[in-house]
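Below: the structure, in structure tokens.
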Amino acid sequence: MTHVVVIGAGQAGAACVAKLRALGFEGQITLVGAENVPPYQRPPLSKKYLLGEMTLERLYLRPESYYAEQNIDLRLGTQVSAIDTQAQTVTADAEVLSYDHLVLATGAAPNRLPAAIGGDMDGVYVVRDLKDVDAMAPEFVEGRRVLIVGGGYIGLEAAAVAASRGLSVTLVEMSDRILQRVAAPETSDFFRDLHRSRGVEILESVGLKRLSGEDRVTGAELTDGTTLDVDFVIVGVGVTPNVGLAKAAGVAVDNGIKTDAFGRTDVAGVWSAGDCASFPYKGERIRLESVPNAIDQAEVVAENILGAEKSYVAKPWFWSDQYDVKLQIAGLNTGFDHVVTRDNGDGAKSFWYYRGETLLAVDAMNSARDYMVGKRLIEGGKSPSAEMVADMAVEIKDLMRL
């Protein structure tokens, strides 16, 4: 009987095994996860779960009973130490599992501060998995002081939760502006103004020099010489794909585990999907850290394990919730040379990224219709003129009539 082993019980791993069963696969499936809880949603961790607005059970992607009902061998709290691609085996804890197909859905790990500057002290947290958020949750007490290192979406979401809970929040960003790596200055300006209006102190072009304290962090020295008293620190400085197992097994790595358009690695019988996998996209090789990508890519891998020979065509979209603002992003803005603004009033805006006359991406803040129209245009390869987009006399739905 064909045996599919999936390493990584996150969004991609869970999507892959569910799709296999949905497509009628009757062989053996083993899903191996390092955490002690069933596959769960990560995005709410830094939002509703941290705010206490979502229970643990609501985080679960499916009830734990689902896996037994579908005859999926879910192994939680299990570490994979080795993969032998010649023998087609996986060593999981003390057991050796044979596989016919192996899916690497190992995700990514948060970057941490070096121990040399105090990154290993108590009171210094990252935001990635359930245990990270459970550990920091008791720190969120009104009046306490938190330093957030990194002005990307994770850092800003953490700042929003902290400010909403009445904490004193300082956020430092080494780059010239928050969101510099992922967004236009217009989007950075929008969120800087939003956070400052809620009392968050945002320091740009300022980094962290070192943390101070004995066993637990009590202060911070910034690169501009400023010193701060802090009660705890949250670090949001990106992630690194988990490629260690793949590299050790001789699987090619290129900005993640290297796959072709079908999700196959360069080793027969080994596939990859999710945050750990890089894949071809419009003549380049990219890696997407997003829930939609993890699900869609993993489902295509499941189809291809069953012989579909289907290419994965990414349709990038993302979201972020901060205070009462929902940011929705369609497309990838890489290579944009100008941005067009639609202002829908009452703080609702959208920014449209162009390269020449080609629409690349849309950032929509509390503008769901702009997002939906932009997403459909981008996925359809259509580009309304910048003049039309900027003209508020043109109804958003009319942009679809190209």
Side-chain angles (χ1 to χ4, degrees), residues 6-16 19 39 41-46 61 103-111 127-129 150 152-154 156-157 179-184 187 236-243 246 251-265 271-304 310-321 327-336 353 355 359-364 371 374-376 378-379 381:
V6 180
I7 302 176
Q11 193 86 54
C16 185
K19 187 68 170 180
Q41 308 171 66
R42 292 188 192 276
L45 288 176
S46 58
L61 295 171
V103 181
L104 301 176
T106 47
N111 297 327
V127 184
R128 183 64 182 180
D129 59 26
Y153 287 120
I154 286 292
L156 292 173
E157 288 170 1
L179 301 176
Q180 182 164 334
R181 186 177 66 87
V182 294
T187 298
V237 290
V239 300
T240 299
N242 290 322
V243 299
V251 177
V253 170
D254 181 1
N255 182 31
I257 299 170
K258 185 178 180 180
T259 69
D260 63 12
F262 304 100
R264 293 182 296 225
T265 71
W271 311 73
S272 186
D275 289 3
C276 64
S278 68
F279 58 92
Y281 179 79
K282 297 184 177 180
E284 300 179 11
R285 174 163 293 278
I286 67 170
R287 188 173 54 81
L288 291 178
E289 298 162 11
S290 75
V291 168
N293 172 72
I295 295 171
D296 295 345
Q297 191 177 25
E299 289 186 345
V300 168
V301 165
E303 292 179 60
N304 289 334
K310 177 180 177 181
S311 293
Y312 173 55
V313 180
K315 297 178 180 179
W317 61 278
F318 315 85
W319 78 92
S320 176
D321 294 316
L327 166 66
Q328 295 169 288
I329 303 169
L332 294 178
N333 63 29
T334 308
F336 77 93
Y353 296 78
R355 180 174 58 225
L359 177 64
L360 300 178
V362 176
D363 293 348
Y371 162 74
K375 187 172 187 289
R376 289 175 63 186
I378 292 164
E379 291 176 0

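It should be emphasised that the depicted structure is a prediction, and the values quoted were computed from it without experimental measurement.
Note that the CD1 atom of Ile378 and the CG atom of Leu360 stand 7.5 Å from one another [nearest 0.5 Å]. For the atom pair CG of Asp363 and OH of Tyr371, the computed distance is 11.5 Å after rounding to the nearest 0.5 Å. Between the OG1 atom of Thr265 and the CH2 atom of Trp271 there is a distance of 9.0 Å, given to the nearest 0.5 Å. Separation of atoms OG1 (Thr187) and OH (Tyr353) is listed at 3.5 Å; rounding is to 0.5 Å.
Taking the side chain as every heavy atom from C-beta outward, Lys375 and Val362 never approach each other to under 4.5 Å. Side-chain atoms of Leu179 and Leu156, non-hydrogen and from C-beta on, do get closer than 4.5 Å to each other. Between Glu157 and Asp321 the shortest side-chain heavy-atom distance does not fall below 4.5 Å. Within the 4.5 Å cutoff, no side-chain heavy atoms of Lys315 are placed close to those of Pro292.
In this structure a side-chain-to-backbone donor-acceptor pair under 3.5 Å is present from Thr106 to Asn242. Of the possible polar contacts, one joining the Ser278 side chain to the Asp254 backbone as a donor-acceptor pair under 3.5 Å is found. No donor-acceptor pair closer than 3.5 Å links the side chain of Arg287 to the backbone N or O of Ile257. The backbone N or O of Asp275 lies less than 3.5 Å from no partner atom in the side chain of Asn293, so there is not a single donor-acceptor pair. Within the 3.5 Å criterion, the main-chain N or O of Lys310 finds a donor-acceptor partner in the side chain of Asn304. Using a distance-only test at 3.5 Å, with no hydrogens or angles considered, a donor-acceptor pair links the side chain of Gln297 to the main chain of Gly274.
Checking each of Phe279, Phe262, Tyr281 against Tyr312 for a ring pair (Phe, Tyr, Trp, His ring centres under 6.0 Å) leaves exactly one that passes, namely Phe279.
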How far apart are the C-alpha atoms of Tyr153 and Leu327, what are their side-chain angles, what is the distance that settles it, and do they pass the side-chain contact (heavy atoms from CB on, under 4.5 Å) test?
CA-CA 10 Å; Tyr153 287 120; Leu327 166 66; 3.3 Å; yes
Going through the checks in order, is the side-chain contact (heavy atoms from CB on, under 4.5 Å) test met by Val301 and Thr259?
CA-CA 10 Å; Val301 165; Thr259 69; over 6 Å; no
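Closest approach of Ala12 to Ala273, counting heavy atoms only: CB-O, 3.9 Å. Ala302 and Cys16 get closest at one heavy-atom pair: CB-O, 3.7 Å. Closest non-hydrogen pair, Ala15 versus Glu299, comes out as O-CG, 4.1 Å. Residues Leu104 and Ala246 share a closest heavy-atom pair of CD1-CB, 3.9 Å. Closest heavy-atom contact between Ala14 and Pro39: CB-CB, 3.7 Å. Here the shortest heavy-atom pairing between Gly236 and Ile154 reads CA-CG2, 4.4 Å.
Crowding of Arg285 atom CZ: a count of heavy atoms from other residues, nucleotides or ligands under 6.0 Å exceeding 12.
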